[in-house]
Amino acid sequence: LAKINAAPSKYSTDAAPNTLKDITNYNNFYEFGWDKTDPAAHAGQLVTDPWSIEIDGMVDKPGNYALDDILKPVTLEQRIYRFRCVEAWSMVVPWIGFELADLLNRVGVQPGAKYVAMQTLLRPSQMPGQKQGGIDWPYVEGLRIDEAMNPLTILATGLYDEEMPNQNGAPIRLIVPWKYGFKSIKSIVKISLTDKMPRTTWNQLQPREYGFYANVNPKVDHPRWSQATERRVGAGLFAGREPTLMFNGYEDEVASLYTGMDLRKNY
Amino acid sequence: MSMAGLSTPINGALRRVPSWVVYLAGLIPLAWVVYLTFTGGIGVDPVKGIEHRLGKIALWFLVGGLAITPARRWLGLNLIRYRRAIGLLAFFYIALHLSAWAVLDMGMLWSQALADLVKRRYLLLGISAFILLIPLAATSNNASIRKLGRNWRRLHWLVYPAVMLGVVHYLLQMKVISTEGWLWLTAVLALLGLRLVPRSR
């Protein structure tokens, strides 16, 4: 496989990325099981070619788009982003992708659209976790339209110069670096533009614990643990914790999206 | 072969096993965790790997300890003389689990750790289980048994709420309770429930 030559980006952090081993062996992807190691063990069976994304709702050009057609006109960039899980661990990941706004502009967002809803593949035969109860599959997530249009928000198709590994959400996933990781939905098959706030999987499961916004915020605790600090995975056994940054360190780029909002209520 | 027929030779063989062998064997899981840590087999996040494994080992010993009385009553298997070792090993692993949380996971941020302890229900349950077990561990010696007499038995009933708190602590720390979690809870409830079965005379 040819290495992907992705252009560097001004949005990349200077922080040293985690190793490919870290990034591909410590995943929450419940479609493949509950443990962090389950995705690495079971995602190999997922067939990601052919792949298409259905784009519908309040768009000018709805349709079922083949992944190749989606990717043809885009210039892939490398975005080295901080990644903060709601479980209070973090990594630094060199994603490869393009801005979600690129795609949304191409399909033409109609003026009334206020939200983007997204859906993960539902294929229990290759995603054994979907045969288990507990979660109402398929996994769904969503963003407000201005969040979706923010240049930090990307659709990622690779990491570390390689195609996206299955356990990380192949072949195409969302990355919203200022939000907790569960917002960054994996293996996307459907994107809908809508005027209503879409339902989202974790919010439905535990509304008290996981809000629609899920912005990284050291001042708003998860009911079961503090979000003030985080553990950097790969930092070593005795590295301790580091302070969590507001909006995961992307305050300059995104704080204006939430002006006047009570982030304690809209967690 | 009947249950009693099978348990008699097992009991006979077990009588030759001194309890220090059980203590020593009880350290094998710890050696395994240490081995995994040094070989990288503990996983990408060694902190959680160590912490969770120690907790799970403690759970095995707690449930194993609870199984000893029913095993004698219903299977005729006599492991009573190893119960102290099993209980102390459980306590030992809980203490290690707690230390891993405080030192490795919380990074000795004591104020945040304490605030978390009070605010988070599952942490409160976990620490309560540990606290309940402290007097039990402290009185796990022949002198205490002699001194406390009948009260020793009463005191050690605390193990029932402690195991219950421990298993609920384990379930509540999950984002969604897994099948394995429900199995653990079922096992504990069953082992506690068996104690309510009246003895027929």
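As the structure is a prediction and not an experimental result, all values here were calculated from the model. Numbered from 1 within each chain, the chains take letters A, B, ... in sequence-line order.
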Does any heavy atom of chain B fall under 4.5 Å from the side chain of [X], the backbone, both, or neither of them?
X: A:Asn18; value: neither
X: A:Ser226; value: both
X: A:Leu237; value: both
X: A:Glu87; value: side chain
X: A:Arg231; value: side chain

Carboxylate-amine/guanidinium proximity below 4.0 Å for A:Lys36 and B:Asp45: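 Looking at A:Lys36 and B:Asp45, the cut-off is not met.
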Electrostatic pair A:Arg241:B:Asp105 at N-O distance under 4.0 angstrom: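 Counted as a salt bridge, because a side-chain N and a carboxylate O are separated by less than 4.0 Å.
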Residue part contacting chain A, namely of B:Leu109, when any heavy atom lies under 4.5 Å: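 Contact with chain A is through the side chain of B:Leu109 alone.
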Part of B:Leu172 lying under 4.5 Å from any heavy atom of chain A: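 It is the backbone, since no side chain atom gets that close.
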pair A:Tyr26-B:Lys48: side-chain heavy atoms closer than 4.5 Å: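 In short, these two side chains touch, coming nearer than 4.5 Å.
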Beyond-backbone contact of B:Val176 with A:Trp202, side-chain heavy atoms, under 4.5 angstrom: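 Touching, per the 4.5 Å side-chain cut-off.
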Neighbour count above 12 (heavy atom, 6.0 Å) for B:Trp60 CH2: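 It does not: B:Trp60 CH2 has 12 such atoms or fewer within range.
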Top of B:Thr179, B:Val103, B:Leu123, B:Val47 for chain A proximity - count of heavy-atom pairs under 4.5 angstrom: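 When all of B:Thr179, B:Val103, B:Leu123, B:Val47 are compared, B:Val47 has the most.
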Between B:Glu180, B:Arg121, B:Met108, B:Met174, the one whose heavy-atom pairs under 4.5 Å with chain A are most numerous: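 Counting heavy-atom pairs under 4.5 Å, the top option is B:Met174.
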Residue among A:Lys21, A:Arg224, A:Gln132 with most heavy-atom pairs under 4.5 Å to chain B: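 With the most close heavy-atom pairs to chain B, the winner is A:Arg224.
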